[in-house]
Amino acid sequence: MTESPATKAANGEVAAGLHAKNGLRPDRNGFSKSLLCCHEWPPKTNHGQRQDEEEVHTVSHNGSLYKRPFVESFEETPMLVAVLTYMGYGILTIFGYLRDFLRHWKIEKCYIAREREEQKDFVPLYQDFENFYTRNLYMRIRDNWNRPICSVPGAKMDLMERVSPDYNWTFELTGRVVKDVINLGSYNYLGFAENTGLCADAAAKVTMTYGVGVASTRQEIGNLDRHEEMEKLTARFLGVESAMAFGMGFATNSMNIPALTGKGCLILSDELNHASLVLGARLSGSTIRVFKHNNMQSLEKLLREAIVHGQPRTHRPWKKILIVVEGIYSMEGSIVRLPEIVALKKHYRAYLYLDEAHSIGALGQRGRGVVDYFGLDPCDVDVMMGTFTKSFSAAGGYIAGKRELIQYLRSHSHSAVYATSMSPPVVEQIITSMKCIMGEDGTTIGSDRVRQLAENTVYFRTRLQEMGFIIYGNDDSPVVPMMLYMPAKIGAFGREMLKRNIGVVVVGFPATPIIESRARFCISAAHSKNMLDRALSAISEVGDLLQLKYSRHRKQPRSFDDDIYDDIDD
């Protein structure tokens with residue numbers, strides 16, 4: 001990756017047909033619509049008729065690259081909802097300026113950080129709009145975030161009740177605990193976040209032997225035999241030559257991308273990439289160009305321009321061209337179109353950096369991530385990055401790939417050189433859960449959980465679509481965004497769900513575009529069908545209460561029995 005020659009071009013048939021207009025296609029209002037990759041266009045309805053043009057499915061002409069249907073939906077926002085959402089933010093902004101006027105004249109008290117009087121001639125420390133948004137919009141619904149829990153974040157959890165005497169500026173704990181709240185917010189995809197069982201016992205045993213911390217870096221006195229075993233196991237799990245681990249997933253991206261690219265290099269980044277990838281790209285000093293989300297035409301256009309024109313002013317060839325994408329996009333629930341990206345990167349001799357933070361363990365028949373999901377060769381991905389914080393219920397991240405790449409990072413990555421080693425109990429949690437997924441523990445628990453997650457995902461997504469909610473993302477993605485849009489409904493949905501003992505995550509600006517707020521459900525293998533049915537019943541009830549069922553393309557209800565998931569492994 002560092003000084004090695006570029007990857008050889010793929011065969012002509014692999015790159016053929018890459019000029020299709022696939023990816024998200026915005027409509028006249030700028031909102032993306034459904035996306036379907038299949039071999040028949042347009043798709044038929046249950047009655048054998050072609051679907052209405054209003055639903056607008058786009059099709060990839062690279063069907064030969066896919067071994068299974070690739071279905072993603074991004075339904076257009078209804079015009080009335082969009083107008084009302086803008087009006088809601090407009091009204092909140094007007095009242096925000098009014099309240100700021102009252103605060104200026106000391107009529108209303110303001111608790112938020114602001115510039116002191118003696119600093120009025122300095123460059124402002126706080127960004128004006130974000131500060132305005134925080135004190136006038138975010139504070140109204142702040143009670144929906146940072147809720148303290150006092151149990152294992154499994155399928156159910158316990159929340160500590162809190163109240164605010166000053167309209168969400170500060171909070172006080174009441175001492176009461178809300179028991180058995182169904183957890184639809186944690187990234188506990190395979191259900192390994194537990195304090196009993198094989199993983200917990202192994203971590204406890206290692207704690208007695210090694211302690212809870214290492215108090216040193218890997219290059220000094222912090223390299224344990226358990227670290228070595230974990231990295232070898234990770235490489236074997238991913239099917240690559242070598243791997244190395246880091247203590248923090250965010251730092252895995254932000255500290256390693258600068259080690260791989262620099263001045264004279266070009267990074268092609270998906271527009272919806274995570275903040276850690278964006279930060280790493282900026283810290284590298286490389287030139288950054290952004291392509292439309294999952295849009296292969298946009299990516300190929302940038303690749304062509306980069307090769308034809310080279311670097312700005314000098315027009316010298318780029319030292320490296322690095323394509324940076326994610327496996328599952330955590331706010332959209334969409335899956336990367338990896339077969340097409342691999343074909344493009346081979347054809348144009350670029351490198352590929354794949355972030356599998358949400359997809360490793362959660363996708364694929366064997367839980368090996370998005371590469372396993374598409375049935376691709378792991379060697380086709382130059383840099384495989386992932387985290388242990390989600391499917392493995394631990395902490396930290398990894399970089400995997402060729403042995404030369406890992407040897408280079410061990411001496412050039414700031415995160416490897418300066419960061420403290422991973423805690424031994426955390427390492428043991430990773431080793432035990434990974435062996436469980438691979439079946440090396442002598443049981444089928446891991447494979448059963450991978451299958452259960454796939455079943456729960458299909459069931460939950462289908463039921464929400466049948467109820468009439470607008471759901472984003474891929475049908476196989478355990479990240480399920482449900483659109484709320486209006487600012488008042490962000491807080492109302494979170495509070496109403498908690499009243500029904502359902503813990504959910506609601507997301508708004510700046511994590512999403514300002515008019516695309518949503519609830520983000522994360523499905524787990526630990527969720528039983530009864531839990532999902534209770535949650536779905538509560539979501540439907542609150543959806544009717546708040547009028548959240550915006551979809552104009554409601555699916556027809558289907559019956560679910562024990563045999564409905566037989567096609568998942570096909």
Side-chain angles (χ1 to χ4, degrees), residues 1-2 187 189 214 217-219 222-223 226-228 230-235 237-238 240-262 267 269-270 272-286 288 322-330 336 351-362 368-371 378 381-423 426-427 429-431 433-434:
M1 178 65 203
T2 55
Y187 304 134
Y189 295 129
V214 182
T217 65
R218 291 285 298 276
Q219 293 191 355
N223 191 27
R226 306 308 291 169
H227 292 128
E228 299 280 349
M230 174 186 63
E231 291 176 343
K232 291 178 182 178
L233 182 65
T234 301
F237 178 73
L238 297 171
V240 296
E241 293 180 5
S242 186
M244 66 181 299
F246 304 87
M248 182 182 179
F250 192 99
T252 305
N253 279 330
S254 60
M255 292 290 101
N256 282 295
I257 293 178
L260 297 173
T261 63
I267 294 178
S269 176
D270 190 290
L272 296 183
N273 275 345
H274 190 262
S276 59
L277 294 170
V278 175
L279 178 61
R282 290 175 177 173
L283 290 176
S284 71
S286 305
I288 305 170
L322 181 66
I323 303 170
V324 180
V325 294
E326 295 186 48
I328 293 179
Y329 291 84
S330 59
V336 65
Y351 291 106
L352 176 58
Y353 186 108
L354 175 63
D355 179 344
E356 292 213 77
H358 288 267
S359 55
I360 190 66
R368 262 57 164 195
V370 70
V371 176
V381 180
D382 301 288
V383 186
M384 300 182 72
M385 177 270 171
T387 62
F388 301 119
T389 59
K390 300 170 179 67
S391 293
F392 304 99
S393 302
Y398 65 82
I399 294 284
K402 291 185 177 180
R403 187 168 285 104
E404 294 82 4
L405 166 69
I406 304 306
Q407 289 175 347
Y408 175 84
L409 288 178
R410 289 193 190 281
S411 58
H412 288 78
S413 169
H414 288 82
S415 188
V417 176
Y418 297 108
T420 304
S421 298
M422 295 176 67
S423 172
V426 174
V427 173
Q429 167 75 19
I430 297 167
I431 292 174
S433 59
M434 191 175 292

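We number each residue from 1, following the sequence as shown.
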Practice item. Go through the structure and list residues passing side-chain contact (heavy atoms from CB on, under 4.5 Å) with Val278, not counting sequence neighbours. Key: Arg282

Review point. Taking only residues two or more places apart in sequence, or in another chain, which ones meet Phe388 in a ring pair (Phe, Tyr, Trp, His ring centres under 6.0 Å)?
Key: Phe392, Tyr398

Point to revise | Non-neighbouring partners of Ser393 that pass side chain to side chain donor-acceptor pair (under 3.5 Å), sequence neighbours left out | key: Asn188

Review point. Among all residues two or more places apart in sequence or in another chain, which pass the ring pair (Phe, Tyr, Trp, His ring centres under 6.0 Å) test with Phe246?
Key: none

Review point. Under the side-chain contact (heavy atoms from CB on, under 4.5 Å) test, which residues partner Ser391, sequence neighbours left out?
Key: Tyr189, Leu190, Ala362

Exercise for review: Check whether any side-chain heavy atom of Ile399 sits under 4.5 Å from a side-chain heavy atom of Thr252, and report yes or no.
Suggested key: yes

Review point. Got a sec, which residues hit side chain to side chain donor-acceptor pair (under 3.5 Å) with Asp270, two or more places apart in sequence or on another chain?
Key: His293, Tyr329

Study note, to complete from the structure: Sorted by chain and number, sequence neighbours left out, salt bridge (charged side-chain N to carboxylate O under 4.0 Å, His left out) with Arg368 holds for none

Point to revise | Contacts of His274 that satisfy side chain to side chain donor-acceptor pair (under 3.5 Å) - sequence neighbours left out | key: Ser276

Point to revise | All salt bridge (charged side-chain N to carboxylate O under 4.0 Å, His left out) counterparts of Arg410, not counting sequence neighbours | key: Glu231

Practice item. Using the salt bridge (charged side-chain N to carboxylate O under 4.0 Å, His left out) rule, collect all pairs that involve residues 393-403, keeping only residues at least two apart or in two chains. Key: Glu241-Arg403

Point to revise | Ala251: partners by side-chain contact (heavy atoms from CB on, under 4.5 Å), with sequence neighbours left out | key: Met248, Ser254, Met255, Ser415

Review point. Partners of Thr217 by side chain to side chain donor-acceptor pair (under 3.5 Å), sequence neighbours excluded?
Key: Glu220

